Amino acid sequence: MDIDVLLQKTLQEGVEQLFGFTPGEAMLQLQQTRKEFEGDLTLVVFPMVKSARKSPAEVASALGTYLGAHAPEVAGFNVVNGFLNITLHDSIWLDLLRQAVEDENYGMKSTEDNAEVVMIEYSSPNTNKPLHLGHIRNNLLGFSLAEIMKGNGRKVVKTNIVNDRGIHICKSMVAWQQWGNGETPDNTGIKGDHLVGDFYVMFDKHYKEEVAALVEGGMTQEEAENQAPSLLAARELLRKWEAHDEETVALWKMMNGWVYRGFDATYRELGVDFDKIYYESETYLMGRNEVLRGLREGIFYRRDDGSVWADLTAEGLDHKVLLRSDGTSVYMTQDIGTAKMRFDDYPIGKMIYVVGNEQNYHFQVLSLLLDKLGYRWGRELYHFSYGMVELPSGKMKSREGTVVDADDLIADMVNVARKMGQELGKMEDMEAEEADKTYKMIALGALKYFILKVDPKKNMTFNPEESIDFNGNTGPFIQYTHARIMSVLRKARETGISFSPTFPQAMPLEAKEKEILKTISEYPAVVEEAAASYSPALLANYCYEIAREFNQFYHDHSILNEPDARKRNFRLVLSECVVKIMRSGMGMLGIEMPDRM
RNA sequence: GCCCUGGUAGCUCAAUUGGAUAGAGCAACGGCCUUCUAAGCCGUAGGUUAUGGGUUCGAUCCCCGUCCAGGGUACCA
């Protein structure tokens with residue numbers, strides 16, 4: 001905020017004049033005054049007490065007096081325990097509101113032609129099972145991060161790397177071949193990704209039975225696990241796939257096709273999308289080539305068994321395998337290929353990987369390997385490492401059936417939203433179609449906010465027994481505040497009340513009004529900080545804050561029934577500004593705002 | 001074993017990056033709809049910030065020890 005800089009300058013002069021030394025930046029940090037104290041901005045004077053050789057109270061009041069005399073914006077000050085609380089003239093806040101209203105994209109930065117291109121990889125599913133709650137967190141974070149980067153003037157390319165090849169999909173294929181009875185999404189009515197997931201589970205069940213039977217027959221556990229017929233069949237399919245066996249590839253394509261249609265439906269429900277999708281089946285060979293090039297150039301080395309390794313001991317890490325002894329590639333190999341392909345395809349300034357924190361080590365290694373291979377961008381890649389979603393009982397485990405399915409969860413949320421909406425009976429005169437749209441908006445608002453309000457770095461807990469709240473610090477609370485304001489603005493229009501951001505010089509502000517104005521003034525800094533610290537949570541918490549403040553104001557003061565026309569005008573402008581900010585902020589979280597609810 | 005994370009109200013989460021009396025919501029209890037949407041507002045209660053030390057004007061935040069939880073350390077992804 002400009003006013004910060006202005007006051008800082010005056011404060012610096014003050015310190016020089018009063019105490020005879022030049023204070024460093026760190027000494028003059030202004031912060032928002034806490035609500036329980038009077039004032040708008042606060043200077044902590046402790047850091048300069050020593051140099052000034054005065055008591056904290058003396059330093060504070062001397063500086064306060066100096067400000068009063070030299071900064072016309074300052075209306076007054078008070079000193080509490082070495083904290084200098086500065087009060088600004090109300091006109092400063094009104095000016096600020098006018099600026100916020102007049103700026104169509106208040107808080108956002110426009111995208112220049114030469115803006116940095118940021119590529120964000122997120123979602124990145126395996127094609128052998130449907131998306132679950134963990135993927136939801138990933139998708140929401142990735143999408144929101146992309147919106148936040150756009151809001152900060154970057155060019156963004158959203159990308160997805162689909163892990164469409166490997167032993168996992170072959171397992172589903174084996175199960176379908178042997179026990180599938182020709183089932184398809186069409187003839188069963190089961191969503192494709194779920195159907196393929198069912199076959200994956202079916203494979204596992206048979207596999208375990210086979211292993212048990214083999215152990216019964218005298219084999220050791222390890223032998224049995226390696227020789228179970230199902231597993232041998234899956235490996236055989238993988239081998240055939242890599243050898244481009246026609247029938248295998250056709251089956252692989254068919255089943256992956258089912259999965260993609262399923263994923264697309266889930267993505268559509270979640271409201272996330274991608275500008276460019278990569279498939280590992282199309283990138284892993286390039287990764288292999290890069291590794292072989294590294295081998296030729298002496299960056300990597302080959303062991304006697306034929307496997308290829310990178311020695312990272314000089315970097316404080318270990319040795320890392322890059323090609324198996326049978327020549328097939330591992331996850332890391334594929335990621336190298338994908339990275340190269342992307343940098344060939346786009347003028348990427350910054351590459352962000354939205355991937356869980358369990359892969360911290362993987363990305364540390366990937367970064368080093370790309371660097372060794374001669375790509376300057378290797379070191380600069382950013383692993384957006386987010387925490388896991390846990391159940392009250394601990395981690396979600398697919399084999400224990402505790403995984404929270406994405407589609408089920410969304411459907412449940414919509415049902416809860418509909419039930420609650422019908423109980424409240426507020427949308428009875430709404431068209432059925434529009435009501436449905438609104439219920440969905442609310443359901444997704446609740447889900448998305450629930451997940452995004454948490455610091456991405458931290459693990460979070462989700463309790464499937466209790467449905468996500470719609471009251472309090474929630475998405476629907478903010479949506480509701482928006483709908484309320486829209487209702488007021490609608491009524492104003494209907495009754496022919498117009499309003500504009502011109503305010504009288506001296507108009508006393510109510511405390512709640514001023515709180516909202518202060519919060520409005522913080523918005524640009526929050527948008528910036530959300531990008532700088534990669535945190536949608538900052539925006540989420542900000543939106544809650546401004547909604548809560550507005551509700552308090554709304555409760556205490558009437559807008560349309562305010563007799564003083566100038567005040568009524570101001571309140572309408574204020575309300576509209578809050579709407580604009582909520583749409584903008586929540587929009588960057590991927591949450592839509594209903595006009596009525 | 002070694003390397004990362006994390007531990008804040010009964011529960012889910014904050015805390016302006018070292019600042020004032022650690023804040024919200026849920027759950028509990030009590031109030032507020034003849035007035036712009038009560039999915040709201042107000043109040044009560046709830047804390048030795050896991051624990052023991054250290055650094056300083058000041059520590060939830062930085063350093064060291066201990067306990068607990070999670071993750072990583074695969075020719076898995």
Side-chain angles (χ1 to χ4, degrees), chain A residues 26 29 31-37 42 44 46-47 49-50 56 80-83 85 124 126 163 166-168 280 303 305-309 316-318 320-326 328-332 334-335 356-362 364 385 387-388 390 392 394-395 417 420-421 423-424 426 442 446 450 453-455 457-463 466 468-481 483-492 495 522 525-526 529 533 537-538 540-541 544-545 547-548 551-562 571 575 596-597:
Chain A
Q29 294 298 329
Q31 50 194 267
Q32 300 285 331
T33 302
R34 297 183 64 123
K35 294 219 169 73
E36 58 266 40
F37 298 95
T42 293
V44 186
F46 285 109
V49 162
K50 221 176 241 174
V80 185
N81 318 317
F83 291 83
N85 299 319
S124 309
N126 287 358
N163 188 11
I167 193 74
H168 56 274
E280 287 195 347
R303 288 189 181 172
D305 61 7
S307 54
V308 177
W309 294 73
L317 302 177
D318 215 333
K320 182 79 194 173
V321 67
L322 299 175
L323 286 177
R324 296 191 185 96
S325 50
D326 63 2
T328 57
S329 53
V330 294
Y331 178 43
M332 186 64 75
Q334 301 171 13
D335 258 6
N357 62 13
E358 71 225 324
Q359 294 190 32
N360 287 352
Y361 184 73
H362 173 83
Q364 206 182 337
S385 166
M388 333 224 71
E390 288 170 343
K395 209 177 165 179
M420 194 169 283
E423 273 169 19
L424 289 167
K426 291 191 182 185
I442 294 166
F450 177 82
K453 76 168 177 178
V454 180
D455 181 344
K457 290 195 287 290
K458 293 189 179 171
N459 288 1
M460 63 179 294
T461 308
F462 174 80
N463 189 345
E466 307 164 9
I468 293 171
D469 271 316
F470 287 72
N471 300 317
N473 185 357
T474 67
F477 171 90
I478 300 166
Q479 290 173 317
Y480 174 69
T481 309
R484 268 179 149 183
I485 300 177
M486 290 310 287
S487 173
V488 173
L489 296 178
R490 228 172 9 245
K491 287 214 164 85
T495 47
E522 290 166 30
V526 172
E529 186 57 27
S533 61
L538 292 179
N541 288 315
Y544 172 62
E545 175 78 17
R548 204 164 49 103
N551 276 319
Q552 290 168 358
F553 158 75
Y554 181 93
H555 179 267
D556 291 354
H557 306 286
S558 182
I559 299 168
L560 294 174
N561 297 326
E562 166 59 46
R571 286 178 185 169
S575 303
R596 298 178 55 199
M597 70 181 269

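Bear in mind the structure is a predicted one, so any value in this text is a computation, not a measurement. Throughout, protein chains are lettered first and strands after them, A, B, ... in sequence-line order, and every chain is numbered starting at 1. As a basis for the values below, the full set of heavy atoms in this structure was taken, side chains included, without hydrogen atoms, waters or symmetry mates.
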Separation of the C1' atoms in G25(B) and A45(B), to the nearest angstrom | 16 Å
Taking the side chain of Asn551(A) as its heavy atoms from C-beta onward, which of G40(B), U37(B), U35(B) lies nearest to it?
-> G40(B)
So, for Phe470(A) and Ala417(A), which heavy atoms are closest and what is the spacing to 0.1 Å?
-> CE2-CB, 3.9 Å
Which part of the nucleic acid, if any, lies within contact of Asp326(A), taking any heavy atom under 4.0 Å across all strands shown: a base, the sugar-phosphate backbone alone, or nothing?
-> nothing
Is C64(B) in the syn range, within 90° of 0, or in the anti range?
-> anti
How far does the C1' atom of G54(B) sit from the matching atom of C61(B), given to the nearest Å?
-> 15 Å
If each of Tyr361(A) and Ile559(A) is mapped to the nucleotide of RNA chain B with the nearest heavy atom, which maps nearer the 5' terminus, i.e. the 5' end?
-> Ile559(A)
Give the rounded distance in Å between these two atoms: CE of Met332(A) and P of A77(B).
-> 11 Å
Name the nucleic acid region contacted by Tyr331(A), choosing base, sugar-phosphate or nothing; use a 4.0 angstrom heavy-atom cut-off, strictly under.
-> base
Shortest non-hydrogen contact from Asn463(A) to Pro392(A)?
-> CG-CG, 3.6 Å
Does Asn357(A) reach the side chain of Asn459(A), with side-chain heavy atoms less than 4.5 Å apart?
-> yes
For Ile485(A), report the nucleic acid contact type (base, sugar-phosphate, nothing); a contact means any heavy atom under 4.0 Å.
-> nothing
Length of the CD-C1' vector between Gln334(A) and C76(B), whole Å | 11 Å
Please state whether the phosphate of U37(B), meaning OP1 or OP2, lies under 4.0 angstrom from any side-chain nitrogen or oxygen of Lys491(A).
-> yes
Quote, to the nearest angstrom, the P distance that separates U17(B) from C32(B).
-> 42 Å
Answer yes or no: is there a donor N or O on one side and an acceptor on the other, between the side chain of Asn85(A) and the main chain of Thr42(A), under 3.5 Å?
-> no
If you restrict it to nitrogen or oxygen atoms, what contacts under 3.5 Å exist between nucleotides 16-26 of chain B and the protein, and what is each distance?
residue	atom	partner	partner atom	Å
A20(B)	OP2	Arg34(A)	NH1	2.4
A20(B)	N6	Thr42(A)	OG1	3.0
A20(B)	N6	Asn85(A)	OD1	3.0
A20(B)	N1	Asn85(A)	OD1	3.3
A20(B)	N1	Asn85(A)	ND2	3.4
A24(B)	O2'	Tyr544(A)	OH	2.7
G25(B)	O2'	Asn473(A)	N	3.3

Checking all strands, does Thr461(A) fall into the base, sugar-phosphate, or nothing category for heavy-atom contacts under 4.0 angstrom?
-> sugar-phosphate
Between C68(B) and A28(B), how far is it from one P atom to the other, in whole Å?
-> 35 Å
How are the rings of His362(A) and Tyr331(A) set to each other: parallel, tilted or perpendicular (split at 30° and 60°)?
-> parallel
Is Phe450(A) close to Phe462(A) at the side-chain level, that is, under 4.5 Å between some pair of heavy atoms?
-> yes
Would Thr474(A) and Asp469(A) count as having a side-chain donor-acceptor pair, cut-off 3.5 Å?
-> no
Any donor-acceptor pair under 3.5 Å from Arg324(A) side chain to Ser329(A) backbone | yes
Worked check of side-chain hydrogen bond (donor to acceptor under 3.5 Å, both in side chains) between Thr481(A) and Asn551(A) = CA-CA 7 Å; Thr481(A) 309; Asn551(A) 276 319; 3.0 Å; yes
Can you tell me, in whole Å, how much space there is between the C1' of A27(B) and that of A20(B)?
-> 31 Å
Contact string for nucleotides 2-9 of chain B, one letter per nucleotide 5' to 3', B = base within protein heavy-atom range under 4.0 Å, S = sugar-phosphate only, - = neither, reads --------
Just checking Tyr480(A): base, sugar-phosphate only, or nothing, at a heavy-atom cut-off of under 4.0 Å?
-> base
If only side-chain N and O atoms of Arg324(A) are considered, is one of them under 4.0 Å from the OP1 or OP2 phosphate oxygen of C76(B)?
-> yes
Of Asn459(A) and Arg490(A), whose nearest nucleotide on RNA chain B comes first from the 5' end?
-> Arg490(A)
Taking Ser307(A) for its side chain and Arg303(A) for its backbone only, find out whether a donor-acceptor pair lies under 3.5 Å.
-> no
Rounded distance in Å between the C1' positions of G47(B) and U66(B) = 22 Å
Where does U17(B) land, syn or anti, once you apply the within-90°-of-0 test for syn?
-> syn
For RNA chain B, which consecutive runs of 3 or more Watson-Crick or G-U pairs (each distance under 3.5 Å) count as stems?
-> B:1-7 with B:67-73, B:10-13 with B:23-26, B:28-32 with B:40-44, B:50-54 with B:62-66
Inter-nucleotide P distance (C13(B), U56(B)), Å rounded | 36 Å
If you take all heavy atoms of Asn126(A) and Asn163(A), which pair is closest and at what distance?
-> OD1-ND2, 3.0 Å
Does a nitrogen or oxygen in the side chain of Ser558(A) sit under 4.0 Å from OP1 or OP2 of U35(B)?
-> no
Identify whether any heavy atom of Gln359(A) sits under 4.0 Å from a base atom; if not, whether one sits that close to sugar-phosphate; answer base, sugar-phosphate or nothing.
-> base
On a whole-Å scale, what distance lies between the P atoms belonging to A74(B) and C3(B)?
-> 15 Å
Atom CZ of Phe477(A) and atom C1' of C13(B): how far apart are they, to the nearest Å?
-> 15 Å
Do Val488(A) and Ser575(A) touch side chain to side chain, with heavy atoms closer than 4.5 Å?
-> no
Of the nucleotides C36(B), A77(B), U12(B), which one has an atom closest to the side chain of Phe450(A)?
-> U12(B)
Selection from A77(B), G40(B), U37(B) that lies nearest to any side-chain heavy atom of Glu280(A) | A77(B)
Closest to the side chain of Tyr554(A), out of A38(B), G40(B), A14(B), is A38(B)
For Met597(A), answer base if it contacts any base atom (sugar-phosphate contacts may also be present), sugar-phosphate if it contacts only those atoms, and nothing otherwise; contact means non-hydrogen atoms under 4.0 Å.
-> base
For the pair Arg571(A) (side chain) and Ser558(A) (backbone), establish whether a donor and an acceptor sit closer than 3.5 Å, ignoring hydrogens and angles.
-> yes
